[in-house]
There are 2 protein chains.
Amino acid sequence: MKPEIMEVDLHRLKVSDPFFGQYQQLVRDVVIPYQWDALNDRIAEAEPSHAIENFRIAAGRQQGEFYGMVFQDSDVAKWLEAVAWSLCQKPDAELEKTADEVIELIAAAQCEDGYLNTYFTAKAPDKRWSNLAECHELYCAGHMIEAGVAFFQATGKRSLLNVVCRFADYIDSVFGKEEHKLHGYPGHPEVELALMRLYEVTQEPRYLNLSRYFVEARGTQPHYYDIEFEKRGGTSHWLIYGAGWMTHDKDYSQAHLPLADQQTAIGHAVRFVYLMTGVAHLARLSQDEEKRQICLRLWKNMAQRQLYITGGIGSQGRGEAFSCDYDLPNDTVYAESCASIGLMMFARRMLEMEADSQYADVMERALYNTVLGGMALDGKHFFYVNPLEVQPNVLKFNHIYDHIKPVRQRWFGCACCPPNIARTLTSIGHYIYTPRPEALYINLYIGNRVTVPVNGGELGLKISGNFPWQERVEISIDSPQPVAHTLALRLPDWCDKPQVLLNGSPAEGEVRKGYLHIRRDWGAGDTLTLTLPMPVRRVYGNPQVRHVAGKVALQRGPLVYCLEEADNGALLHNLSLPKESAFTAIEGKGIFAHNVLIQAQGYRQSPKQQGEQPLWHYDTAPGARQDHTLTFIPWFSWANRGEGEMRIWVDEA
Amino acid sequence: MKPEIMEVDLHRLKVSDPFFGQYQQLVRDVVIPYQWDALNDRIAEAEPSHAIENFRIAAGRQQGEFYGMVFQDSDVAKWLEAVAWSLCQKPDAELEKTADEVIELIAAAQCEDGYLNTYFTAKAPDKRWSNLAECHELYCAGHMIEAGVAFFQATGKRSLLNVVCRFADYIDSVFGKEEHKLHGYPGHPEVELALMRLYEVTQEPRYLNLSRYFVEARGTQPHYYDIEFEKRGGTSHWLIYGAGWMTHDKDYSQAHLPLADQQTAIGHAVRFVYLMTGVAHLARLSQDEEKRQICLRLWKNMAQRQLYITGGIGSQGRGEAFSCDYDLPNDTVYAESCASIGLMMFARRMLEMEADSQYADVMERALYNTVLGGMALDGKHFFYVNPLEVQPNVLKFNHIYDHIKPVRQRWFGCACCPPNIARTLTSIGHYIYTPRPEALYINLYIGNRVTVPVNGGELGLKISGNFPWQERVEISIDSPQPVAHTLALRLPDWCDKPQVLLNGSPAEGEVRKGYLHIRRDWGAGDTLTLTLPMPVRRVYGNPQVRHVAGKVALQRGPLVYCLEEADNGALLHNLSLPKESAFTAIEGKGIFAHNVLIQAQGYRQSPKQQGEQPLWHYDTAPGARQDHTLTFIPWFSWANRGEGEMRIWVDEA
């Protein structure tokens with residue numbers, strides 16, 4: 001195995017398709033300014049953030065007390081990363097100036113020794129590194145490092161990169177195997193993947209080694225969380241679920257065993273995918289076969305047994321966590337937006353290591369369903385939790401739904417998701433392509449234009465189409481000089497009979513691990529026309545999954561569909577879809593303009609009698625059912641018309 | 001409305017049918033001795049009780065510290081009540097001697113002023129009455145009062161009655177409207193119903209008035225829970241879910257509003273039905289129309305919108321509580337055994353007030369399903385929580401199942417249920433009949449022999465049959481002298497075409513509110529032959545209940561049936577029952593000997609492919625299904641063959 005991924009500025013590609021272009025514009029015009037207001041506490045009716053003020057306080061520029069989560073800094077870091085990628089897409093002098101000022105403030109908040117964390121600097125300076133299990137210091141460090149890397153890659157400015165290198169150097173002086181160092185590692189993984197990114201831009205081996213140290217120390221005995229717990233007198237930062245649980249329930253943070261001994265995706269879902277993103281990156285760059293096997297094994301368990309049809313992960317609210325194989329409840333699910341973002345990151349690293357389309361299939365599923373669904377169409381409301389079925393009027397009465405919101409919120413006390421969505425949408429180029437020496441892998445069919453260096457030359461190409469609504473995608477080459485290279489086109493798992501034409505004739509190539517490899521001297525004017533038929537497809541659950549037995553879901557292209565009360569009336573559970581019903585794809589209106597909606601003839605179970613019914617009735621058959629036209633909308637756009645019922649899985653009559 | 005119920009020693013009737021007789025024998029021979037051992041901490045592998053030892057400590061006869069729940073005393077009281085009724089059924093000198101000794105010990109633990117509670121006497125004597133919201137003092141008082149009443153009714157001995165009258169007198173001196181008294185009321189209702197029972201045997205109006213005081217003070221402003229909370233400095237006895245919640249979440253204990261303003265069954269289910277049992281008793285005996293309306297309204301909400309097919313109540317684990325209308329999940333349900341016992345008590349008081357068979361229908365449903373199901377067939381294992389669907393291998397991984405056990409337990413740290421089941425089964429006579437001046441109402445068709453005073457004479461009758469397995473029940477009269485009276489036979493809700501013969505000819509009578517009223521001069525030799533056809537019936541859920549949409553349950557007579565893994569293999573959710581399938585009633589074997597099991601031809605959804613399957617597949621139809629013979633067992637007897645899957649509601653193919 002060789003570290004074969006090529007360094008290409010994929011964040012510089014220009015997104016041009018109608019669907020994703022609109023999203024990127026929304027992020028630029030609405031999401032980034034909105035979130036900047038949120039970080040500065042200027043959004044009425046939103047939970048306060050105080051994140052920028054915390055930096056001012058830590059920098060000594062303002063009096064006051066730290067406020068917010070112990071990881072509040074990371075919201076600023078993620079916002080900066082979103083800004084960085086956005087500036088790549090479209091320069092914006094005013095925005096860049098704001099970012100520069102924020103970076104200057106961050107630098108001012110950095111301690112002499114390189115340490116950087118407003119909670120500990122402003123509120124608990126003597127508690128530094130005393131509670132890695134619970135206090136997110138290395139998590140915040142990781143996000144700041146990511147921001148520093150991104151800002152450098154996007155703008156060429158080293159301002160934040162210098163800050164985070166100093167910070168990383170300091171961390172490296174504190175943590176490690178050496179006797180005089182702390183033998184700890186983060187409760188919330190993130191610094192591992194960040195150090196790998198920092199290594200990629202700096203080529204400083206200490207960063208890779210530190211990442212490896214954190215990965216390999218994790219879960220070893222004697223257990224560091226217990227040691228630090230005792231050392232600090234058994235205090236806990238978090239009291240929810242009772243004191244000390246975050247230290248004691250070590251599988252919550254994937255620290256119950258060394259990774260080499262772990263067999264299943266477990267614990268807090270975001271922690272899991274962030275950790276594995278770092279491990280996969282490390283495995284590739286250090287050519288570590290054992291770590292590669294860990295990645296393959298844990299990916300397989302997650303993707304084959306613990307993944308929702310929506311690309312969501314984390315089946316339970318408590319601990320925002322995985323539960324166990326095939327336990328995929330639709331209504332009490334967690335499926336945090338950040339977890340699906342982390343899943344995309346993990347998938348991307350797996351693609352860089354393996355070039356197997358199964359990773360891209362999952363990445364696409366997460367992107368077009370849970371990640372997009374995490375943000376409202378207005379760019380100003382967000383889901384933290386992404387259920388597959390909601391009955392709004394029950395949520396506040398049954399505690400199993402305590403974590404479920406029926407509509408997106410303006411902001412959160414724990415606001416990890418909104419800026420995470422923003423930075424993911426603006427950096428989408430990293431996910432569209434995997435450039436390797438032997439081929440340029442095309443993972444996602446998002447319209448864009450990019451130039452990739454190939455063997456001293458340049459391969460310029462443009463993807464156009466109207467994905468995910470239309471099945472035809474065109475890939476045209478505009479290299480000034482012909483270049484010999486392989487284009488590897490992903491054949492999506494949801495597509496039965498993809499057709500590929502090269503300049504009008506059937507393209508010849510070899511299918512390997514889900515990619516059609518076409519090698520040739522690509523020159524200006526060459527055009528690949530890809531047709532990915534998108535009939536509405538019935539999707540059935542694995543028979544191990546009890547929550548979807550007897551039910552069917554609809555998918556068209558990568559999009560999972562759902563029923564909403566707004567189109568179908570209340571009590572969606574009484575609707576059923578006959579096996580033989582045909583589907584009509586129709587164009588939506590209003591907020592669904594240009595979107596494809598689906599209709600089908602189905603049934604509505606009607607009440608047995610008029611008036612108050614008994615809770616059960618004895619009969620030879622249930623009440624009569626009436627014909628009912630079922631209207632399905634893309635699930636990512638649910639809850640954009642106010643509060644109402646929603647469900648993805650429908651009884652098949 | 002008149003307080004028309006007659007005082008009849010219904011606990012003295014002799015149960016004789018094969019089914020319930022066996023249960024009563026089990027209680028006598030196994031359950032009562034077993035629970036006595038448990039109360040004395042002599043059961044290996046069971047959670048310790050310490051309940052008897054607490055009394056020894058409080059009585060000053062032993063050194064040591066109180067151990068257990070703040071309401072540990074109530075387990076002893078319920079055990080004593082079970083013993084009292086058992087002695088009625090079958091004298092047992094040794095058992096009576098043990099009970100006498102326990103009562104002597106209880107009397108020794110009573111304080112000079114009449115106060116009786118081992119927790120406060122032994123552990124926190126200065127905290128008496130300082131935390132009614134959380135600390136169960138009046139709850140324990142109520143159970144001890146019930147035991148005193150029962151022991152007196154059963155044996156004629158006043159030993160415990162005297163103790164509890166002293167205690168009740170003391171409570172009456174402490175609580176009430178008068179300015180010098182505390183204006184509090186219990187966090188856990190129970191004393192209200194107990195005082196009504198004490199009033200019935202003593203005819204002391206102070207007890208009825210005190211019960212009324214507690215009912216009417218409940219939920220008024222300024223709120224007593226807040227007052228005492230502040231007075232004791234905001235301390236909390238329970239820290240689960242965070243300090244103070246039991247004080248602040250007032251709907252948990254039905255204290256958020258005065259009862260007159262409450263519209264729905266709410267909060268902790270056991271508290272609700274215990275409270276309503278007292279209110280219904282009070283409403284009848286004080287001819288209080290407003291309280292009667294409260295009972296009718298809250299019964300209706302509970303029975304029509306929040307009751308499981310199993311007679312279980314309490315849809316959620318948190319707070320062991322109701323959730324909201326039509327929210328009846330099968331797998332995360334609570335349905336505490338004690339709640340269904342309390343439901344039987346509430347139903348019995350409603351019957352005494354209203355003589356409407358709807359109350360008896362619910363009572364029978366709770367008895368034959370959840371209450372019986374709460375105890376293992378061996379009499380030594382108990383369910384606290386009674387799910388309608390279990391997948392054992394998931395329980396420890398997903399926190400929504402934290403409260404669910406896949407098999408019955410030997411004992412509980414909170415052991416309210418086991419002795420509650422015992423006292424209910426031994427006092428079953430109270431539920432079989434409702435004797436009123438105008439008629440003897442027969443609610444349950446449990447074989448028994450009883451003599452009821454009627455107009456100066458005596459009506460002796462015997463019910464025989466093999467209910468609930470066989471449809472024929474015989475009621476024969478053996479009064480020495482003919483007596484003119486009305487027998488009112490309940491026509492069960494589950495029975496379409498009941499037939500009643502009087503001495504071989506169709507009986508004539510009038511059906512009123514679900515009872516067939518037959519008036520005549522009943523003389524020795526008169527026989528009513530009741531045939532209650534018990535075909536296997538398909539039961540369908542109210543269309544409001546999303547958890548059972550598209551599903552069917554089976555019921556035969558009063559028994560709800562279920563599928564178990566032991567008979568049907570794993571992954572029960574893949575089984576379906578076609579609409580047209582016929583049913584075969586078969587006789588069970590082994591632990592099901594003499595029981596009626598049900599078989600039907602159905603299907604099993606088979607895996608689409610061999611080997612590891614993807615989590616979902618796209619296809620025009622789900623995988624093939626194979627013929628499969630479904631075997632259903634009575635739900636009350638599930639989990640008597642070790643751990644395995646179980647479900648009541650099955651997909652209707």
Point to revise | Which atoms of B/D496 approach chain A - backbone, side chain, both or neither, heavy atom under 4.5 Å | key: neither
Review point. Does the side chain of B/D331 reach to within under 4.5 Å of the side chain of B/P387, using non-hydrogen atoms?
Key: no
Exercise for review: May I ask you to test the B/F583-B/R556 pair for a side-chain heavy-atom distance under 4.5 Å?
Suggested key: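 No, side chains not in contact.
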Exercise for review: Measure across A/E645 and A/L571 and return the closest heavy-atom pair with its distance rounded to 0.1 Å.
Suggested key: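 Scanning both residues completely, I find the closest heavy atoms to be OE2-N, 2.9 Å.
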Which atoms of [X] are under 4.5 Å from chain B, going by heavy atoms: the side chain, the backbone, both sets, or neither?
{"X": "A/D325", "value": "neither"}
{"X": "A/E652", "value": "side chain"}
{"X": "A/S576", "value": "neither"}
{"X": "A/I266", "value": "neither"}
{"X": "A/Y603", "value": "neither"}
{"X": "A/A553", "value": "neither"}
{"X": "A/R546", "value": "both"}

Check your understanding: Looking only at atom types and distance, does a side-chain atom of B/Q316 sit under 3.5 Å from a main-chain N or O of B/F322, one as donor and one as acceptor?
Key -> yes
**Study point:** Main-chain N/O of B/A653 paired with B/D651 side-chain donor or acceptor, under 3.5 Å
**Key:**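 Flag not set: sc B/D651 to bb B/A653 has no pair under 3.5 Å.
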Practice item. For ring-ring contact (aromatic ring centres under 6.0 Å, His included), just list the numbers for B/Y252 and B/H268, CA-CA rounded to whole Å, side-chain angles, deciding distance to a tenth of an Å, and then say yes or no. Key: CA-CA 5 Å; B/Y252 168 76; B/H268 186 259; 5.4 Å; yes
